[in-house]
Amino acid sequence: MEVLQIIIGILLGLLSLVMIALILFQQGHRAGISGAISGAAETFLSKNKARKADEVCKRLTMIGSIVFFVLAIAATAVATIIG
């Protein structure tokens, strides 16, 4: 069972690094006036590409947070069984 604890701990560590990166890559929604002015220069295609990338980041963040939560519960359960 100690091997399982080590594997879950490594997975939690890697997943937390991935989650940090995903959250930092997401765009803020409060651009304000400067975002409206500079956004006018963007083309329609680049806007849609940015939206798609942002949606993928949001979806991956949601899935990653669910997996992280399940792994944290599993780590607690394994530690309770061993300890």
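When a residue number appears, it is its place in the shown sequence, counting from 1. For clarity, every value in this text was computed on a predicted model and none was experimentally measured.
No chain of hydrophobic side-chain contacts below 4.5 Å, direct or via other Ile, Leu, Val, Met, Phe, Trp or Tyr residues, connects L71 to M62. A continuous path of Ile, Leu, Val, Met, Phe, Trp and Tyr side chains, each step under 4.5 Å between heavy atoms, connects I7 with F68, placing both in one hydrophobic cluster. Residue F69 is not grouped with residue I8 when hydrophobic side chains (ILVMFWY) are merged at heavy-atom distances under 4.5 angstrom, including chains of intermediate members.
Applying the side chain to side chain donor-acceptor pair (under 3.5 Å) test to Q5 and every residue at least two apart in sequence or in another chain returns nothing.
Between the OG1 atom in T61 and the CD atom in Q26 there is a gap of 4.0 Å [rounded to 0.5 Å]. Taken from CG in L60 to CD in E55, the straight-line distance is 11.5 Å, to the nearest 0.5 Å.
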Please output the side-chain donor-acceptor pairs of residues 74-82 that fall under 3.5 Å, not counting sequence neighbours, one pair per line with the distance.
residue	atom	partner	partner atom	Å
T76	OG1	A72	O	2.9
T80	OG1	T76	O	2.7

Report all side-chain donor-acceptor pairs from residues 12-22 shorter than 3.5 Å, counting only partners two or more places apart or in another chain.
residue	atom	partner	partner atom	Å
S16	OG	L12	O	2.8
S16	OG	G13	O	2.8

